[in-house]
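Residue numbers start from 1 in every chain, and the chains themselves are labelled A, B, ... in the order their sequence lines are given, proteins ahead of strands. Please read all numbers here as calculations on a predicted model, not as lab measurements.
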Amino acid sequence: MVKMLKFFLLVFTSFAATIFLSSAPLYAASKKITITGSTTVLPIAQRAAEVYMDIHEDVNVSIRGGGSGVGIAALIDGRADIADASRPIKTKELKTARERGIDPFANVVAKDGIAVVVHSDNPGNALSLETLKRIYTGEINNWKEVGGPSKPIVVISRDFASGTFEVFKKLVLGGAKVKDGALMLASNKAVATTVTTTPDAIGYIGLGYLSDDVKALEMDGVIPTNETVKDGSYKLARPLYMYTNGKPKGLLKSFIDFVLSKEGQRIVKEVGYVPVR
Amino acid sequence: MNLKSLLVVFTLSLLLLTPMVTKCGETKISMTLWNRATVERESGEFTERYFSLGRGYLRIEPKFTDRIKGRFNVDFFSDDDALDGAGLKLKYAYLDFKELIPIPESKVTAGLIKSYFGTIYDWNYITIQKALEDKEKVTSSTDYGMALYGYLPEGYGEYAISVLNGEGYKKTGSDVNLNPAYQANVRLIPIPGVTIGGSVRYEDVSFDPDTSISNLVYAGVGHLAFGPFEVWGEYLVKDLEETKSQGFMVMPIVKLGKLSGVDVDLVGRYDNWDANADVDNDGHSRIIAGFNWNILRDAKGKPQVLLQVNGERTTYEDASKDPVDKLMMQLRWAFSTKIK
């Protein structure tokens, strides 16, 4: 029996030694930043990384999407240095992170406004947040109830997996459920396209997806623009995050500082979001 | 009507009413299978050598709304005593009601629920062996009842209070005493990487309504995590009237994946259990060493295909009993899908 245990220990030790030795070359090429997470933040991360790597040729920035939840899970597991997120970290995620010795730090790199859009032929120009909630929860079903023609409202929403949906649900619905029969679409682009081709539709999209094909409504008297999002007067807005483990240091600080620099914030604006500086 | 009948009526009512008030938003279906090879040796002789399905489970999790979701879990496993060699057990059947009570980040869970005690409720089998309280049959991993579970603000920990049958998931009607078990659990994370906590459970286990037999169980739990290094610790005591059982577990883990390109965790564990503190030669200890090779992970980093290899030696306080050695190799694989 002792022989069997000795054999097992020998195998175990050899295995451990092999792993440690095989890890050595990885330390040599450690100037690498791994970013994972929100597809909303992805265009900022991608463009910023391209420009950053042009300036710092010895640094490799690798980027993946997957969604905010995937990014935060990767930060917690140590598989990512930066988690992109279009929503704040949840308490459950924060608890898991702290348990595993990770201290998520929120770096706000941009803001995004959620524009409520209708077909360009729709005579309406404005809604209140309260009325919008009543439309999305099914309390108001016809445009005539909000001063429009007698036509049923076609409600279009993002699907459950979307960070935009989570923010809309929190800011507009107050946690209430979207009405049964609402069209749940997988992307901003799909919502914009459907509203463009459906005269009685209402939907919501990120500011970056606004075009002349749809009409953006005033919400509580404020029109969604970069300026109204930035000054806080437009309420349907959210910060976009790059989470790091603790306050960023070293290489990560250099990258986050770049995203928050004049050049980085120009990129934020270029890809359709609102700079924070 | 006793408490158990009330719980059954309450749970069934919720299950029947929920689909009437709301349509199901999405349903997650998942399966996990543990294909295991075991070799056991005692007194220099091989006593067991076999392949088996150590465990398999089918889990269905309907999400009715953001605030109401359920979990149904049936376990199946190789079992020589069962018809056609496969056993079956019901493991979870509960509904979660988020913020039913106006406490932020809380939920009420009812049905066949997790037993929020010690390390058992979030035990994810880092070693193939069960959690200490499960292995020594101090508490069951699931039980019928209700719990209020919640997170402390800013990720500082979690808490749970439960009222349970106290008989585990295998019994509901027969050989069950009438008294409920009361359980409380708290985990605090004062600084990232340091978790401390404790659980307490009390039940009058007498079958005779005129007498009382108290069963008090409590546990202290600690967890440290710094970079690739983690260690779990648990101290467990069971006070059943005059009999005191006690023991502890220490489980270090090295996550080599954080140091190298190979996603392997090295694991060790030491258990010590004394069935009766007043009796000599009834204790035993268990030492486990092994590794977990995460061959494939899903998008959120959860292992999808995992190879676990554990060597385990159980030694007995009673010098006349020979140690028992066990070598287990397990291929654990999981998959899931969401239906909207």
Could you list the donor-acceptor pairs under 3.5 angstrom formed by side chains in residues 188-197 of chain B, with sequence neighbours left out?
none

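With a 4.5 Å cut-off on non-hydrogen atoms, L224(B) does not touch chain A at all. Neither the backbone nor the side chain of E230(B) comes within less than 4.5 Å of any heavy atom of chain A.
Each of K90(A), R64(A), K92(A) has some count of heavy-atom pairs under 4.5 Å with chain B, and the biggest count is that of K92(A). Between chain B and the options I102(A), I89(A), V70(A), N245(A), heavy-atom pairs under 4.5 Å are most frequent for V70(A).
With rounding to the nearest 0.5 angstrom, the CZ atom of R187(B) is 6.5 Å from the CD atom of E99(A). Note that CZ of R100(A) is 8.5 Å distant from NE2 of H223(B), once rounded to the nearest 0.5 Å. Atom-to-atom distance recorded for T91(A):OG1 and Y156(B):OH is 12.5 Å, nearest 0.5 angstrom.
The number of heavy-atom neighbours closer than 6.0 Å to CE of M329(B), taken from other residues, nucleotides and ligands shown, is 12 or below. Atom NZ of K98(B) is surrounded by 12 or fewer heavy atoms from other residues, nucleotides or ligands within 6.0 Å. Other residues, nucleotides and ligands place no more than 12 heavy atoms under 6.0 Å from the CD atom of E154(B).
What you find for F64(B) and K177(A) is that their closest heavy atoms are O-CE, 4.5 Å. Heavy atoms only, all atoms of each residue included: D77(A) and R297(B) are closest at OD2-NH1, 4.5 Å. Residues K300(B) and A73(A) come closest through the heavy atom pair O-CB, 3.4 Å.
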